[in-house]
Amino acid sequence: MPELPEVETTCRGIAPHLIGQRIIKPVVRHPRLRWPVPPELINILPGRVVTSVTRRSKYLLIDTDRGTLILHLGMSGSLRVLPSHTSPGKHDHFDLALESGQCLRLTDPRRFGAVLWTTDPLETHPLLNRLGPEPLGAEFSGDYLHAASRSRKVAVKTLLMDSHVVVGVGNIYANEALHLAHIHPLRLAHRIGKSHYDQLAKAVVTVLEQAITAGGTTLRDFSGVDGRPGYFKQQLRVYGRAGQPCHDCSAPISLLRLSGRATYFCPGCQRQ
DNA sequence: CCGGACGCCTGTCGGC
DNA sequence: TGCCGACAGGCGTCCG
């Protein structure tokens with residue numbers, strides 16, 4: 001599912017439809033997502049006004065005058081803005097009906113997504129308070145990665161996908177960034193030097209920014225707020241390309257499994 | 001503390 | 001055509 005570029009695309013897409021809107025009511029069709037949808041939303045949300053829509057990691061934060069709605073898209077989730085009367089499909093589990101006559105609709109076949117509510121400061125929320133820095137923020141750099149990796153005896157790809165180290169980098173973009181940086185995904189994190197981490201940090205930023213520009217990557221489920229897919233799939237360097245030639249050196253892309261996740265790399269460009 | 005496996009769900013695809 | 005296992009963009013929890 002959605003990694004940072006897809007969530008960012010969603011955030012930018014829904015924000016103008018939500019900000020300043022008064023919420024009529026939530027519609028909970030399937031309360032059993034990753035965690036139960038809080039039943040009290042039925043009483044709390046009507047009448048609330050959306051004050052901002054932001055993203056932290058892969059969480060969407062819909063701030064209101066009385067608290068914050070936290071949405072996560074899991075593996076297969078997407079959000080659309082539709083006329084409120086649009087009849088729901090099988091996997092349309094949650095709506096936020098707005099005064100504008102439109103609704104924000106969560107579709108999520110696998111139901112790994114989440115709809116949560118908090119009135120506490122976000123930095124204290126258990127899902128948010130241990131997250132690493134944003135990869136597109138000022139804190140993230142080669143220096144940072146180098147420092148964060150010194151005691152980590154894991155594969156560098158595993159480090160990159162650890163949300164306590166840096167958020168938003170999932171399986172697709174970890175594979176892509178390592179290829180762009182010419183680093184083998186199995187190299188041990190603590191044995192990689194600073195200059196390589198400089199390259200890696202730059203590659204992460206480049207890949208994520210290019211993916212956001214393309215509206216994200218659609219493999220199957222993901223769509224933007226208008227229902228259109230993301231177009232970054234056409235620019236993927238290694239992900240899903242096992243056996244196909246590397247665009248840089250023509251060697252066939254290799255596939256292995258790391259912590260159960262498909263790991264693609266070029267044996268020519270990314271030496272162990 | 002650290003690393004790795006598991007489980008939550010449904011849909012799709014390839015092999016037989 | 002049907003069945004069955006493997007696999008899919010995430011991530012908290014548990015266990016050694």
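Convention: sequence-line order gives letters A, B, ...; per-chain numbering from 1.
Using a 3.5 Å distance cut-off with no hydrogens or angles, the side chains of Thr263(A) and Lys157(A) do pair a donor with an acceptor.
A salt bridge is absent between Arg80(A) and Asp226(A): the closest approach of a Lys/Arg side-chain nitrogen to an acidic carboxylate oxygen does not fall below 4.0 angstrom. Taking 4.0 Å as the cut-off between side-chain N and carboxylate O, Asp143(A) and Lys194(A) count as a salt-bridged pair. Glu134(A) and Arg56(A) are joined by a salt bridge, as a carboxylate oxygen and a charged side-chain nitrogen come within less than 4.0 angstrom of each other. Here Lys25(A) does not pair with Asp95(A) in a salt bridge; the nearest charged N to carboxylate O distance is not below 4.0 Å.
Look at CG on Leu258(A): it is 12 Å from P on dA8(C), rounded to the nearest Å. Rounded to whole Å, atom C1' of dC11(C) lies 7 Å from atom OH of Tyr59(A). Look at CG on Asp108(A): it is 18 Å from P on dA8(C), rounded to the nearest Å. Atom C1' of nucleotide dG10(C) and atom CG of Asn171(A) are separated by 10 Å, given to the nearest angstrom. At whole-Å resolution of the value, CG in Leu256(A) and C1' in dC7(C) are 16 Å apart. The separation between Leu116(A) atom CG and dG12(C) atom P is 11 Å, rounded to whole Å. One can place NE2 of His164(A) at 7 Å from P of dG12(C), the figure rounded to the nearest angstrom. Straight-line distance from the OH atom of Tyr264(A) to the C1' atom of dA8(C): 10 Å, rounded to whole Å.
Comparing dC11(C), dG4(B), dA8(C) by their closest approach to the side chain of Ala262(A) singles out dA8(C). In this structure, the nucleotide among dG12(C), dG3(B), dG10(C) sitting nearest to the side chain of Arg152(A) is dG3(B).
At the heavy-atom level, Arg130(A) lies nowhere under 4.0 Å from the strands shown. Counting non-hydrogen atoms under 4.0 angstrom, Phe232(A) reaches nothing in the nucleic acid. Looking at heavy-atom distances under 4.0 Å, Tyr173(A) makes no contact with the nucleic acid at all. At a threshold of 4.0 angstrom between heavy atoms, the contacts of Ser163(A) with the nucleic acid are absent.
Remark: the separation of the P atoms in dC11(C) and dT12(B) is 23 Å, to the nearest Å. Rounded to a whole angstrom, the distance from the P atom of dA6(C) to that of dC6(B) is 13 Å.
Counting all heavy atoms, side chain and backbone alike, Gly268(A) lies closest to Ala251(A) at N-CB, 4.3 Å.
If you run side-chain contact (heavy atoms from CB on, under 4.5 Å) between Phe140(A) and each of Val167(A), Val205(A), Val165(A), only Val205(A) comes through.
Heavy atoms of other residues, nucleotides or ligands lying less than 6.0 angstrom from CZ of Arg228(A) number 12 at most.
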Pairing of DNA chain C as dot-bracket, 5' to 3': ( ) intra-strand, [ ] crossing, | other strand, . unpaired, with Watson-Crick or G-U pairs under 3.5 Å?
.|||||||.|||||||
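Aromatic ring pairs are classed by plane angle as parallel below 30°, tilted from 30° to 60° and perpendicular above 60°; the pair Tyr59(A) and His72(A) is perpendicular. Between His184(A) and Phe265(A), the two ring planes are tilted [angle within 30° to 60°].
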Sugar-phosphate means primed atoms, P, OP1 and OP2; the rest is base. With that split, encode nucleotides 6-12 of chain B 5' to 3' as B, S or - using protein heavy atoms under 4.0 Å.
-BBBBSS
